[in-house]
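Because the structure is a prediction, the values reported are computed rather than measured.
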Amino acid sequence: MSYDPDNIFARILRGEAPCVKVYEDDATLAIMDAMPQADGHVLVLPKEAAVTLLDASDEAACRCIVTVRKVAAAVQKATGAAGLTVGQFNGAAAGQTVPHLHFHIVPREPGVALRKHAGQMADPAVLQAMAERIKAHWA
């Protein structure tokens, strides 16, 4: 599959579409998921154009996982979650809904079901408040 430069994450990276930023460096961007499966659901994406993990350069993949670890620790502290699911889907058959490599960080609690993936849009003000809570917990 070839990379579509008009996918929503590419547009966010170019500043053409809105997002709620949690973290950014020269290689990665972490944003609140606009349709979260749980409160505190964050996405980490590389700035490199790659559809799947298998398309990414070694450097982009490594930089992503470093950001995932940093953000995941802050998400867990900010939410007080008992655990975290870190997910990454490759291709539509695997559940990938946006054709740009990204990692999901989802806070989890025992016995609490997740909301539907790519389900309902969240209130941007609620997402911004959660982003601020997460940013307050950098290691």
Residue list, side-chain contact (heavy atoms from CB on, under 4.5 Å) with [X], at least two apart or on another chain:
| X | result |
| --- | --- |
| Asp6 | Asp4, Arg14 |
| Ala61 | Leu53 |
| Arg63 | Asp25, Asp26, Ala27, Thr28, Glu59 |
| Ala82 | Glu109, Pro110 |

Quick one: pull up [atom1] in [X] and [atom2] in [Y] and give me the separation to the nearest 0.5 Å.
| X | Y | atom1 | atom2 | value |
| --- | --- | --- | --- | --- |
| His102 | Gln88 | NE2 | CD | 7.5 Å |
| Trp138 | Lys77 | CH2 | NZ | 10.5 Å |
| Lys21 | Leu127 | NZ | CG | 15.5 Å |

>> Could you walk me through whether His137 and Val75 satisfy the side-chain contact (heavy atoms from CB on, under 4.5 Å) test, starting with their C-alpha distance in whole Å, then the side-chain angles of each, then the deciding distance to 0.1 Å, before giving a yes or no?
In response: CA-CA 8 Å; His137 286 86; Val75 166; over 6 Å; no

Is the closest side-chain heavy-atom distance between [X] and [Y] below 4.5 Å?
| X | Y | answer |
| --- | --- | --- |
| Tyr3 | Pro99 | no |
| Met32 | Cys19 | no |
| Glu24 | Lys47 | yes |
| Pro36 | Gln120 | no |

Looking only at heavy atoms, which two atoms of [X] and [Y] are closest? And how far apart?
| X | Y | value |
| --- | --- | --- |
| Thr79 | Pro107 | OG1-CB, 3.8 Å |
| Ala10 | Pro5 | CB-O, 3.3 Å |
| Ala60 | Ser57 | N-OG, 3.0 Å |

>> Enumerate the ring-ring contact (aromatic ring centres under 6.0 Å, His included) contacts for residues 48-99, please, sequence neighbours excluded, ordered by first and then second residue.
In response: Phe89-His104, Phe89-His117

> How far apart are the C-alpha atoms of His41 and Ile105, what are their side-chain angles, what is the distance that settles it, and do they pass the side-chain contact (heavy atoms from CB on, under 4.5 Å) test?
Replying inline: CA-CA 6 Å; His41 184 166; Ile105 301 167; 5.9 Å; no

> Which pairs with one or both residues in residues 81-108 pass salt bridge (Lys or Arg N to Asp or Glu O under 4.0 Å), sequence neighbours excluded?
Replying inline: none

>> When you compare the side chains of Gln96 and Thr52, does any donor N or O come within less than 3.5 Å of an acceptor on the partner?
In response: no

> Would one find more than 12 heavy atoms of other residues, nucleotides or ligands at under 6.0 Å from atom CD of Glu16?
Replying inline: yes

Could you work out, with salt bridge (charged side-chain N to carboxylate O under 4.0 Å, His left out) as the rule, every residue matching [X], not counting sequence neighbours?
| X | value |
| --- | --- |
| Glu132 | Lys135 |
| Asp33 | none |
| Asp123 | none |
| Arg115 | Asp39 |

> Going through the distances and angles, do Ile134 and Val42 end up as a side-chain contact (heavy atoms from CB on, under 4.5 Å)?
Replying inline: CA-CA 10 Å; Ile134 294 167; Val42 175; 3.8 Å; yes

> Step by step, would you call Val20 with Met130 a side-chain contact (heavy atoms from CB on, under 4.5 Å)?
Replying inline: CA-CA 10 Å; Val20 177; Met130 179 58 75; over 6 Å; no

>> Checking one residue: Ile8. Which other hydrophobic residues are in its cluster under the side-chain 4.5 Å linking rule?
In response: Phe9, Ile12, Leu13, Leu29, Ile31, Leu43, Leu45, Val98

> Which other residues belong to the hydrophobic cluster containing Leu114, where Ile, Leu, Val, Met, Phe, Trp and Tyr are joined when side-chain heavy atoms lie under 4.5 Å apart, directly or via other members?
Replying inline: Val106

